[in-house]
Amino acid sequence: MDSATLPASEDLGHGITAIDTGFVRPFFDASHLLVENGRAAFVDVGTSYSVPGLVAVLEAKGLRPEAVDYVIVTHVHLDHAGGAGEMMRRLPAARLVVHPRGARHMIDPSKLRAGAAAVYGEEAIVRNYGELVPVDPSRVIEAPEGHRLELGGRPLLFLDTPGHARHHLCVWDEASRSMFTGDTFGLAYRELASPRGAFILPTTTPVQFEPEALLASIDRLLAYLPAAMILTHYSRVTEIGRLAADLQRETGELVALGRREDGKRDRAAHLRAGVEELVLGWARDHGAPLPTERIRELLALDVELNAKGLEAWLDRDRR
Ligand SMILES: [Zn+2]
């Protein structure tokens with residue numbers, strides 16, 4: 001891969017680089033490369049199709065694949081961890097760091113693949129994610145609550161942050177006072193930022209959305225007083241207090257919608273329409289600088305996933 005085909009990347013300072021994984025559309029899904037004293041780690045890696053570009057950015061920074069100590073996945077959803085096995089195949093010294101509940105799915109991705117096929121459809125899996133490569137168990141580090149690692153002497157602390165998924169961890173980087181949040185601190189697509197700042201919305205993807213746990217996890221992240229949250233969708237945000245308040249309010253509105261529509265006929269269609277109305281309203285109130293139709297397109301996938309995730313939560317809640 002020559003420099004002309006390098007994916008878009010942005011230097012965030014403190015040895016952190018955001019790299020576009022190319023999944024879905026530009027600036028939808030980020031991987032973050034962290035470099036300290038010549039040693040490197042990736043936090044989330046997109047899909048198998050993202051891997052050549054991520055390695056090319058690494059090499060463009062003068063680092064060899066052997067310099068990568070860790071491939072960290074915040075959780076095992078495929079837009080974060082689908083490329084982990086392929087990445088590990090290319091990084092001979094790396095170990096995969098994953099939540100204890102996600103580890104077995106990285107070692108044997110067959111259930112993960114079947115689960116994703118149930119949500120997205122089999123054809124979309126092949127087209128969008130490619131091959132899920134198993135990771136040798138000897139190369140896997142399970143990172144429970146409070147786990148600590150050092151990257152070139154730089155401490156990284158792992159937090160158990162359920163709510164979006166039970167296999168979700170966040171990574172506290174004391175050196176930059178940044179929290180790598182995966183999907184726990186929601187989604188902030190850059191196209192929807194306005195003069196008010198970043199636009200944020202929660203992600204309630206199936207099948208493990210748990211609103212109480214999500215709100216508690218957000219509170220835990222805030223307790224570290226981060227200077228920045230670094231989201232997979234998409235990268236760094238800094239107005240933490242305002243964004244956290246937005247996320248808490250929006251999550252409450254999604255939960256209220258779910259409870260209101262639960263038990264009604266055509267619940268799925270009502271939830272879909274209701275989620276769309278909510279997110280378009282939030283974007284409009286925020287002053288997102290795009291026509292409503294364009295915002296509807298940009299958020300269509302998240303509307304779909306959030307509606308399905310609310311259904312999965314309501315069904316689980318009733319059992
Ligand atoms: Zn996710």
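Atoms within a ligand are numbered from 1 in the order they appear, just like the ligands themselves. Everything numeric in this text was worked out from a predicted model, so none of it was measured. Just so you know, residue 1 is the first one in the sequence shown, and it goes up from there.
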Item to check | Atom name in Asp183, limited to N/O/S, at shortest distance from the Zn ion (ligand 1) | outcome: OD2
Item to check | Pair Ser235, His32: side-chain N/O donor-acceptor within cut-off below 3.5 Å | outcome: yes
Checklist entry - Per the side-chain contact (heavy atoms from CB on, under 4.5 Å) rule, which among Leu222, Leu159, Asp173 passes with Met179? => result Leu159
Next on the checklist: To check your reading of the site, what angle at the Zn ion (ligand 1) do NE2 of His75 and NE2 of His164 form, to 10°?
Outcome noted: 100°
Item to check | Single-linkage hydrophobic cluster, 4.5 Å side-chain cutoff, Val171 and Ile141 together | outcome: yes
Checklist entry - Any cation-pi pair here, Arg127 with Tyr49, using under 6.0 Å and within 45°? => result no
Next on the checklist: the Zn ion (ligand 1) and His77: any N/O/S contact shorter than 2.8 Å?
Outcome noted: yes
Next on the checklist: With a cut-off of 2.8 Å, does Asp79 put an N/O/S atom close enough to the Zn ion (ligand 1)?
Outcome noted: no
